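As structure tokens, the structure follows; a few thoughts come after it.
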Amino acid sequence: MIVKLEHVTKKFGDVVAVDDINLETRDGEFVALLGPSGCGKTTTLLMIAGIYRPTEGVIRFGGRVVNRVPPKDRNIGMVFQSYALYPHMTVLENLTFPMRLKKVPRTEMLQRAQQVADMMGIGHLLDRKPGQLSGGQQQRVALGRALVKQPDVLLFDEPLSNLDARLRLSMRAEIKRLQLDLGITSIYVTHDQVEAMTMAERIAVIRDGQLQAFCPPNELYDQPRTLFVASFIGNPPMNFLEVEVVADGDAFKARCPEIEIPVSAERGRAAAGRGKVVMGVRPEDIYLTRDGIAGEVYVVEPLGRDDLVDVRVGDVHFKTLVDPGLGLKIGDQVRFGIRPERVQFFDPRTEHSLLWN
Amino acid sequence: MDETMGVGGRGRAILLLTVLAVLTVPIVVGYLWVIISTFSQRTYGLIPVDANGHPGGLTLRNWSFLWKDAAIWRVTVNTFVLAVGLTVGIVVVSSLAGYALSRISFPGRRPFLATTLVLHAFPSVTLLIAIYFVLRWITHIPVVGRGIPVIGGFGYNTLGGVILVSVALELPLGVWLMKGFFDQVPWDIERAALIDGCSRLRVWWEIMLPLIKPGIAALSIFSFISGWNSFLIPYTFMTSQEKSTIATYLRSLLSDTAPVNYSTVAAVGLFQLIPVMIFFLFTQEYLLNIFSGGVKGGS
Ligand SMILES: Nc1ncnc2c1ncn2[C@@H]1O[C@H](COP(=O)(O)OP(=O)(O)OP(=O)(O)O)[C@@H](O)[C@H]1O
Ligand SMILES: [Mg+2]
């Protein structure tokens with residue numbers, strides 16, 4: 001099923017929760033909606049589910065306009081952050097409830113419930129009430145309930161955020177696997193970029209109700225179209241500094257008062273002659289070297305595999321990942337370089353990328 | 001629990017029990033006296049005495065209304081019908097209206113909530129005359145007025161009319177109570193049900209109502225007891241006191257002209273109390289069941 005949003009806007013009184021979003025999934029695609037808290041992810045999802053009606057715009061399921069179709073006629077499955085199991089029903093009753101409403105014959109109903117329960121590994125819990133299950137088990141039941149009706153579209157609203165880190169990891173893989181096997185178009189809301197990056201084929205980044213980008217994870221990472229995307233994606237986050245890019249013959253340099261950073265011609269050209277621009281550098285694109293920019297170690301944060309080191313050059317700080325074996329300490333003098341073909345440039349006023357538009 | 005309470009906890013418990021016991025004594029003694037006096041000719045303190053003041057003089061005379069006066073059974077049935085009708089009416093209307101007020105946004109929702117609350121603050125006595133005219137008017141409607149079996153109809157001087165008025169006067173409280181319970185049910189559960197294929201009415205029936213069972217039980221108890229004990233409305237809108245409800249029957253015993261037999265009054269009062277106690281015993285157990293077997297998580 002192809003889900004398509006055309007100029008979809010949702011207002012709650014004066015609050016614009018979702019602002020003119022355009023988005024089209026492919027059939028069977030796994031799409032993530034990613035953004036900070038309060039940006040309108042849940043609202044978007046609930047509009048697709050039919051719980052909210054868009055204030056403006058059109059939602060299509062496989063070409064059919066569904067704006068006025070009630071949720072029960074959309075054939076969707078949804079998994080909630082709160083699981084939203086029916087507390088007064090047993091697990092089996094929770095699983096069969098959607099089928100009962102569709103008047104599926106009893107034997108088929110039980111058979112399908114059993115099948116899904118086995119798939120989710122909850123076959124031994126069928127007689128329990130949700131209150132007697134752990135969070136992870138409840139999540140599985142919720143997932144099973146969404147799947148058992150054989151939906152055309154699966155919607156997830158931060159389904160893993162109530163689980164502990166370890167369980168989240170395994171459920172993440174499991175959901176992705178299931179989705180691949182079943183080939184159901186899925187829209188997955190999360191504020192966790194790692195979740196979005198690892199699970200989704202394409203990620204829609206939303207900020208204040210507006211769609212900032214909609215592209216595959218690696219493109220989002222390597223070619224951020226806005227300053228927001230660049231800062232939101234990636235951990236540890238990108239370094240930003242205000243520079244002026246000047247041409248020096250064939251070479252280009254990014255200059256801020258105390259530093260001069262060579263950048264590749266291809267990237268520098270787009271930013272040259274524009275006055276002040278914002279340069280973005282990912283921590284992993286900064287490397288220590290003998291003959292580079294001189295700075296002083298300001299903070300060292302051990303992350304285990306790497307040390308996250310804050311290097312100060314005048315008033316400018318660069319965060320970079322360093323091999324802990326070097327044993328850097330606060331106050332050490334270091335020299336570092338920046339990969340010239342990896343830098344990003346943004347217009348400080350529009351916050352749009354100067355490279356990828 | 002017991003282990004964690006420790007010495008201080010035990011001391012507090014004893015203190016609490018003492019206070020409760022002291023407060024309970026007058027009530028228990030009062031009821032004891034009522035019970036004893038209904039089986040006695042006279043009493044001296046808590047001791048039954050006969051006409052000459054000697055201990056003894058036990059009698060069933062005060063309870064003779066049970067077999068001598070057929071009206072008592074009629075008013076008992078009437079009171080029961082009134083209490084049940086009131087309960088059903090209030091629970092049905094409140095749970096529907098409470099759901100709508102809690103979950104559906106429609107124009108005038110807030111003013112409506114505010115108005116019901118204000119109206120509830122008005123003593124119902126102020127409305128009696130207006131209601132009288134309404135009931136008189138309903139009486140003239142064919143069938144509905146006074147042609148319905150059991151409750152008589154919904155007009156003046158019918159049990160149905162009394163039920164109608166009582167329901168109306170108690171609805172604001174019920175609606176607010178139910179709204180409060182519905183407010184507690186997480187939206188996600190309702191959304192999940194809508195997505196799973198329920199219509200709004202079905203969500204109400206299959207998901208919401210089972211989840212607010214404790215609220216419905218509480219409202220039922222309140223309504224039933226207030227119906228069973230109601231006096232003012234039946235007294236006002238049914239003409240013959242002996243033929244309406246137990247409370248008005250009791251009132252008819254308190255004649256202004258003849259001497260009042262207080263032992264009989266006490267017996268009728270006790271008689272009125274019995275079903276309420278039974279009802280309470282049952283529903284209390286039910287309530288405890290709901291709360292102890294209650295739901296964890298899922299919200
Ligand atoms: N029913 C509502 N009435 C009024 N405002 C609402 C309503 N639902 C959401 N909003 C507002 O719309 C905006 C987007 O909310 P939404 O729940 O979609 O955010 P979200 O991206 O899901 O955030 P989170 O990650 O915290 O769940 C918020 O500013 C919120 O306050
Ligand atoms: Mg949300």
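What you see is a predicted model, and the numbers here were worked out from it, not measured in a lab. Letters go in sequence order (proteins before strands), and every chain restarts at 1.
- For the pair A/M89/B/I207, a side-chain contact is recorded, criterion being any heavy-atom separation below 4.5 Å from C-beta on.
- A/S161 places a side-chain N or O within 3.5 Å of a backbone atom of A/E158 that can act as its donor or acceptor partner.
- A cation-pi geometry, defined here as NZ or CZ lying under 6.0 Å from the six-membered ring centre and within 45° of its normal, does not hold between B/K179 and B/F181.
- Contacts between residues 198-205 of chain B and chain A, counted as heavy-atom pairs separated by less than 4.5 Å, involve B/C198, B/S199, B/R202.
- Classification of A/R177 and A/D181 as a salt-bridged pair holds, one side-chain N sitting under 4.0 Å from a carboxylate O.
- Cation-pi contact between A/R145 and A/Y83: absent, since separation from the ring centre below 6.0 Å together with deviation from the ring axis within 45° is not met.
- Looking at B/E190, neither its backbone nor its side chain comes within 4.5 Å of chain A, counting heavy atoms on both sides.
- Remark: of the listed residues A/T190, A/V189, A/L160, A/N162, A/N162 is the sole one forming a side chain to side chain contact (heavy atoms under 4.5 Å, CB included) with A/Q81.
- For A/L155, no part lies near chain B; criterion is any non-hydrogen pair under 4.5 Å.
- Near-neighbour residues of residues 93-116 of chain A relative to chain B, defined by a heavy atom under 4.5 Å from a heavy atom of that chain, comprise A/F97, A/P98, A/R100, A/L101.
- The backbone N or O of B/Q272 sits less than 3.5 Å from a side-chain atom of B/W228, completing a donor-acceptor pair.
- When the candidates A/L46, A/V79, A/D73 are compared by the number of heavy-atom contacts under 4.5 Å with chain B, A/L46 comes out ahead.
- If you measure heavy-atom distances from A/I76 to chain B, the contacts under 4.5 Å come from both the backbone and the side chain.
- Without hydrogens or angle criteria, B/H120 side chain to B/T115 main chain gives no donor-acceptor distance under 3.5 Å.
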Check the pair B/I151, B/T158 against side chain to side chain contact (heavy atoms under 4.5 Å, CB included), reporting the backbone distance first and the verdict last. CA-CA 7 Å; B/I151 58 168; B/T158 64; over 6 Å; no
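- Electrostatic pairing of A/E6 and A/R60 counts as a salt bridge here, judged by a charged N lying under 4.0 Å from a carboxylate O.
- A tilted orientation is assigned to the rings of A/Y188 and A/F156, their planes being inclined by 30° to 60°.
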